[in-house]
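Notes follow once the structure below has been shown.
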Amino acid sequence: MPDRAQPDAFRPDTPRPETPLALELLVHGVAGAAPAELLGDPRTVRVTGDSTAAVFRRTEDADAEAHPERYAGRPVPEAYCWSRLTSGNGARALWLLLLPFMVANLAHWARPATSTADPAPRAVRTYGVLVRVLALSLTVLLIAAACEVALDLLAWQCAGSGTCAGSRSWLGFLGPGGGWWAQPGRRLALGALVPTALTGLLWYLSNRTWSAYESQPPPAGAADPDTASDTAPALGRPGFWYGRRLVARLRAAHTAAGLLTVAVAVSVPTARHDRRAGAPVLAALGTVTQVLLAAGAVTVAWVVCRRGRTEARPDHRLDRAAVTLLPGAALALLAAVVLHACWPRPGWTATGRLPGDLTFGVLMLGQGLCVLALAAVARYLYRRAPDPATALHGLGGPAVAMLGCALGGVMSGGVAQRVADWLDGGATPGMPGAPLPGPPVLLSWQAAVLPPLLLVLALLAGWFAVRGARERSRLAATVAAEYPGETPDRARSRRIAGARTAAALTDSAPWFVAAVSGITLVLGAGALAGAWLSGEVPGEAARGTAPLLEAAARAAQDAGSWLIGIGIAAFVAWGRRAYRDPAARRTIGILWDVGTFWPRAAHPFAPPCYAERAVPDLTWRMAGWTGRTGGRLVISGHSQGSVLAAAAVWQLPPAARRRVALLTYGSPLARLYGRWFPAYFGPGPLTALHREVDCWRNLWRATDPIGGPALPGAGQDVDRGPLADPIAYGRSARHPLPAPLLGHSDYQADPTFATERDALLTRLDTAARADVPGQRVVVVSKERAAPAASADPPGTAG
């Protein structure tokens with residue numbers, strides 16, 4: 001019977017030399033890098049992989065396994081290049097439109113950590129359900145905004161106005177006297193094609209990106225579901241990077257929700273007319289369809305709330321009924337509603353606006369209440385296992401969710417505002433003299449809160465700038481003392497202190513996010529109350545009050561509308577530029593490197609998770625190479641690459657993990673991921689990783705805005721730093737030219753890098769030579785002496 005921890009695919013197929021080969025697997029960070037740049041040689045060859053992600057070596061190292069004697073005392077370098085997962089062809093720039101969905105998905109992973117002794121499963125499930133409900137509301141909000149533009153503003157208001165439709169020839173066939181399509185119900189049915197097509201596009205993109213990026217099962221035996229502990233860190237569980245079942249369920253539910261939203265937008269005005277017109281048969285049919293729509297909405301909510309992620313084993317099964325029947329039934333119901341709306345209704349004319357105020361108001365109120373409930377659950381979880389390093393004392397997830405809702409509201413409402421301004425010509429929607437009623441009043445109130453929000457943000461930025469200037473002056477006075485024998489240079493000291501101060505601003509980001517989220521919640525509540533209480537746009541609601549208040553309300557309304565327009569124009573321009581310019585496309589790719597590391601556990605229409613391809617790639621490579629050759633391997637990750645490296649090491653079987661060392665530098669493992677995602681990268685999981693991977697070093701600089709200590713409380717066990725930056729303060733015989741400030745880049749140029757890498761390989765070699773079954777090997781480095789213990793496998797515990 002084969003060893004479960006080392007499947008046949010990873011067993012050696014060649015005789016192992018007396019001195020095993022050493023391999024350094026380089027993983028680049030968010031900016032990406034070409035193989036030639038990573039390997040320092042323009043002649044490279046692809047060892048394994050495809051055009052999207054692959055492993056490369058220098059041409060001269062392609063047959064290194066056949067000639068291990070050539071590499072005595074040095075490792076064979078190879079590079080895993082994954083940047084095309086996030087910055088490939090130009091069409092990926094359109095993923096910017098999915099930004100609110102991505103932020104909502106991040107909120108799922110920002111849950112506070114729980115203790116092993118008290119995991120609080122009900123609270124954790126409640127947290128997941130609330131985030132999934134919030135994500136569902138964002139899908140409904142997007143499709144509702146598309147319905148507002150296509151059905152209300154165009155098909156109902158503009159096409160129903162002879163002036164508006166007459167000035168636009170392409171709308172003439174829908175205007176009064178335009179023929180068969182002039183009836184309001186048929187105009188609504190035609191307009192429904194736009195949000196329906198948008199829903200279909202989101203479904204297609206989600207399905208296609210799953211097949212292209214995330215359908216990568218883990219290697220057989222790399223993580224054994226039968227032996228994995230329930231208390232093991234989540235990223236070490238076999239099903240963490242393969243959640244096919246949940247994504248498929250959520251995709252079906254969100255697709256059905258989008259189709260049902262379109263059906264409701266067509267059905268409500270049609271049924272209302274039938275009841276007022278006294279058409280009993282049509283009214284009865286309308287009532288039946290609305291009952292079915294309500295039943296469909298309940299079913300969608302049940303599917304979303306019913307089941308979360310299963311990480312104990314890969315999700316190979318699918319819920320065929322939900323995945324197939326739910327979108328199909330919603331599409332059939334939409335078709336029935338459209339046919340019902342197309343039935344002849346003589347004398348029906350379109351007046352006013354469709355009932356969008358209630359729709360958007362209910363969505364906004366529901367999102368606010370959901371965020372507050374999420375905050376209560378997060379705070380409850382944090383109190384059970386408090387960790388001072390956690391962002392916002394456990395409220396990071398709710399704050400991120402609030403930002404996602406705000407982004408969704410601004411983007412969806414902004415499109416409606418811009419279209420209404422375009423249709424109204426020079427008039428202001430909702431104000432006296434406007435030819436059309438315009439979009440829902442709530443959208444105008446949302447636009448009006450943007451100027452005060454931006455003012456508060458400007459004040460916050462000014463406060464951080466003043467505090468940073470003071471800190472820079474304080475640090476500048478002590479910089480020269482860190483370089484013994486150097487003559488103080490005020491300008492040089494200020495530059496170094498400025499770099500450190502700017503890097504330290506990263507640690508203030510949680511409170512900035514908290515301020516933005518809190519102000520957004522308060523202003524959003526005020527906008528909702530103003531819209532519902534007044535029923536008018538801010539400029540009209542303030543008419544007749546104090547002159548200063550009236551002028552401020554009108555200025556905020558106009559400025560907010562223009563700010564939304566400018567923001568959307570800049571957004572579209574950036575997307576178009578990224579489509580044509582590879583450099584701009586890479587910038588967008590960097591944004592997704594951070595935002596799309598996590599699987600789509602809350603929103604299936606978020607941009608795809610590249611780690612569900614990259615982590616299995618690295619796991620396959622490490623387990624396969626160490627099992628086949630018996631050699632030692634250092635996986636060397638920079639920035640985001642260090643996060644991928646750690647996640648891949650977590651997935652390794654014990655037999656392979658004993659031959660692998662981890663070298664991270666410029667790493668956000670604790671500083672960003674541990675702070676914002678404590679349940680997965682907090683002190684507990686990272687300490688467990690150190691127990692399982694004894695050979696781990698982390699390099700960091702005080703001038704690095706991203707990297708930092710991985711285990712601050714572990715002394716020099718893992719972390720080596722802060723490294724000197726710059727290496728030299730002034731000119732000298734050894735450094736005749738000014739040494740640059742490196743910050744987040746060029747860690748490999750620091751002499752400490754090679755020293756720590758070689759030390760890791762030496763420790764791996766010592767452990768491998770002394771590896772006796774059932775005996776713990778204690779490796780002593782010059783930094784520390786590790787006491788012996790009996791519970792851990794040889795060479796894996798600290």
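Nothing fancy with the numbering, it's 1 onward along the sequence.
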Does the side chain of [Y] come within less than 4.5 Å of [X]'s, by heavy atoms?
X: Val371; Y: Leu134; result: yes
X: Leu374; Y: Met402; result: no
X: Thr596; Y: Cys609; result: no
X: Phe101; Y: Arg600; result: no
X: Met411; Y: Val415; result: no
X: Leu369; Y: Met364; result: no
X: Gln183; Y: Arg186; result: yes
X: Leu151; Y: Pro195; result: yes

* Name all residues meeting the disulfide (SG to SG under 2.5 Å) criterion together with Cys158; count only those two or more places apart in sequence or in a different chain, and write none if there are none. => Cys164
Heavy atoms only: give me the nearest [X]-[Y] pair and the separation to one decimal.
X: Ala144; Y: Thr261; result: N-CG2, 4.0 Å
X: Cys305; Y: Val133; result: SG-CG2, 3.8 Å
X: Leu260; Y: Leu293; result: CD2-CD2, 3.7 Å
X: Val338; Y: Ala189; result: CG1-CB, 3.6 Å
X: Gly408; Y: Leu138; result: CA-CD2, 4.3 Å
X: Val304; Y: Ala253; result: CG2-CB, 3.7 Å

* Give every residue pair that meets the side chain to side chain donor-acceptor pair (under 3.5 Å) criterion with at least one member in residues 360-378, sequence neighbours excluded. => Ser137-Gln367
* Structure fact -> Residue pairs meeting ring-ring contact (aromatic ring centres under 6.0 Å, His included), one or both in residues 185-209, sequence neighbours left out, come to none
* To do: Any ring-ring contact (aromatic ring centres under 6.0 Å, His included) involving residues 277-299? Give me the pairs, sequence neighbours left out, ordered by first then second residue.
  =>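 Output for this query is empty, none listed.
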Within the side chain of [X], is there an N or O that forms a donor-acceptor pair under 3.5 Å with the backbone of [Y]?
X: Arg613; Y: Ala53; result: yes
X: Arg251; Y: Pro604; result: no
X: Asn105; Y: Ala606; result: no
X: Arg353; Y: Gly438; result: yes
X: Trp445; Y: Glu536; result: yes

Report the distance from atom [atom1] of [X] to atom [atom2] of [Y], rounding to the nearest 0.5 Å.
X: Thr289; Y: Leu339; atom1: OG1; atom2: CG; result: 11.5 Å
X: Leu326; Y: Leu331; atom1: CG; atom2: CG; result: 11.5 Å
X: Thr255; Y: Ile143; atom1: OG1; atom2: CD1; result: 9.0 Å
X: Leu193; Y: Leu198; atom1: CG; atom2: CG; result: 12.5 Å
X: Ser267; Y: Asp274; atom1: OG; atom2: CG; result: 9.0 Å
X: Arg275; Y: Thr287; atom1: CZ; atom2: OG1; result: 6.0 Å

* **Criterion side chain to side chain contact (heavy atoms under 4.5 Å, CB included) on Val149 and Val194, from CA distance to verdict** => CA-CA 9 Å; Val149 171; Val194 174; over 6 Å; no
* **Qualifying residues under side-chain contact (heavy atoms from CB on, under 4.5 Å), relative to Trp532, sequence neighbours excluded** =>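 Once residues adjacent in sequence are excluded, the partners of Trp532 under the side-chain contact (heavy atoms from CB on, under 4.5 Å) criterion are Leu365, Leu528.
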* In chain order, what residues pass the salt bridge (Lys or Arg N to Asp or Glu O under 4.0 Å) check against Arg418, with sequence neighbours excluded? -> Asp421
* Asked: Stepwise, does the side chain to side chain contact (heavy atoms under 4.5 Å, CB included) test hold for Leu250 with Phe605?
  -> CA-CA 9 Å; Leu250 290 179; Phe605 297 154; over 6 Å; no
* Would you say Arg306 has more than 12 foreign heavy atoms packed within less than 6.0 Å of its CZ? -> no
* To do: Start with the C-alpha gap between His603 and Thr139, add the side-chain angles, then the distance that decides, and say whether side chain to side chain contact (heavy atoms under 4.5 Å, CB included) holds.
  => CA-CA 9 Å; His603 207 301; Thr139 297; 2.8 Å; yes
* Going through the distances and angles, do Phe677 and Leu106 end up as a side chain to side chain contact (heavy atoms under 4.5 Å, CB included)? -> CA-CA 9 Å; Phe677 311 105; Leu106 287 178; 4.1 Å; yes
* Asked: When you look at His340 and Thr270, which way does the side chain to side chain donor-acceptor pair (under 3.5 Å) test go after all the steps?
  -> CA-CA 8 Å; His340 178 254; Thr270 304; 5.4 Å; no
* **Aromatic ring pairing Phe240/Trp109, orientation class (parallel under 30°, perpendicular over 60°, tilted between)** => tilted
* Do the two ring centres, one from Trp241 and one from Tyr610, sit under 6.0 Å apart? ->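 Trp241 vs Tyr610: aromatic centres not under 6.0 Å.
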* Does Arg84 pair with Asp50 as a salt bridge, N-O distance under 4.0 Å? -> no
